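Shown next, in structure tokens, is the structure this report addresses.
Keep in mind the model is a prediction, meaning the values are calculated, not measured. These numbers come from the heavy atoms of this one structure, side chains and all, not from hydrogens, waters or symmetry mates. So you know, we letter chains A, B, ... as the sequences are listed, proteins then strands, and number each from 1.
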Amino acid sequence: MSINKNMRILVVDDFSTMRRIIKNILKQLGFTNVVDADDGTTAWEILNKDKIDFIISDWNMPKMSGIELLRKVRASEEFADIPFLMVTAEGQQENVIEAVQAGVSNYIVKPFTPETFEQKIKKIFEKKK
Amino acid sequence: MDIKLAKPFIEATVNVLSTMAMINPKAKKPYIKDHNRALGDVSGIVGFTANGGKKGVMSVSFSKKCAIQIVKNLLGDDIQNIVEDVQDAVGEITNMISGQARAKLAEMGITMEGATPTVIMGENHTITHITKDQIMAVPFTTEYGDFVVEFSMSE
């Protein structure tokens, strides 16, 4: 089974540079159905009015951080099963453990190459098969 | 200040810029900086904190030319407003260097949390290091111009 290239992807990062880098990589990989948000609060609003299939989120953001968004998503009945990729500059082991315990689907430490990004996405959807 | 502390910042800077912006900076010899004037036209600044009151500040100051090239390499044709894009990109680059450097500092037994970076633009701006301790500066050269990474840490 291949990954559905039409799935609706929500990219969350407070820096527009990183949102655009991620959207450019997704576009190169054939994913064009992408919406973005600049923090967890805005992402949560989008989740509640749009049908999101996959969340790619930064960790450190104002208002609601990525880890808070992840916990909120996993605790909800409606969104608990949405795959969640954390893309963060926080590379310390305790951050990775915290995200895994909160139910993250996969984790990328910035900086990353497009190849690493693709591999992480593939792993998430291979696990889901 | 222990010169060994420069290594995590140098490695993080080279890794971030070579991986994300296809720029391979060369570090020159670190030195102790004795003033607060920024050594570039645009600076990303981020504070570090740790349990027990330990604090630190890291900054990255780019020349205008170098900052613009980084944005071009990061975003390609997607540049919308060069001033806003430089500001945002320098913030994100600072954020990534901060994260990588702190991960390497943690391996040395120094665990610190990073704040959200701020970016200051303009000639002759200043960088305030909240600690009264020494400021270490590491100059870098690239084919697109120079930049400087600075950090200070309270004991």
Using modelled atom types only, decide if a donor and an acceptor are shared between the side chain of B/Asn73 and the backbone of B/Ala21 within a distance under 3.5 Å. yes

Identified side chain to side chain contact (heavy atoms under 4.5 Å, CB included) counterpart of A/Ile56 within the set A/Ile108, A/Leu26, A/Val12: A/Leu26

With a 6.0 Å cut-off on the ring centroids, do A/Phe54 and A/Phe31 count as close? no

Can you measure from OG1 (A/Thr113) to CE (B/Met22) and round to the nearest 0.5 angstrom? 11.0 Å

One option among B/Val16, B/Leu105, B/Asn15, B/Asp78 has the most heavy-atom pairs under 4.5 Å with chain A, and it is B/Asp78

Name the region of A/Gln93, side chain, backbone, both or neither, that has any atom closer than 4.5 Å to a heavy atom of chain B. neither

Heavy-atom distance under 4.5 Å to chain A: side chain of B/Ala89, backbone, both or neither? both

Would you call the rings of A/Phe79 and A/Trp44 parallel, tilted or perpendicular, taking 30° and 60° as the class edges? perpendicular

Non-hydrogen atoms of chain A under 4.5 Å away: do they reach the side chain of B/Glu84, the backbone, both or neither? neither

Selection from B/Ile93, B/Asp85, B/Thr116 maximising heavy-atom pairs under 4.5 Å formed with chain A: B/Asp85

With only heavy atoms counted, which part of A/Asp13 is less than 4.5 Å from chain B, the side chain, the backbone, both or neither? side chain

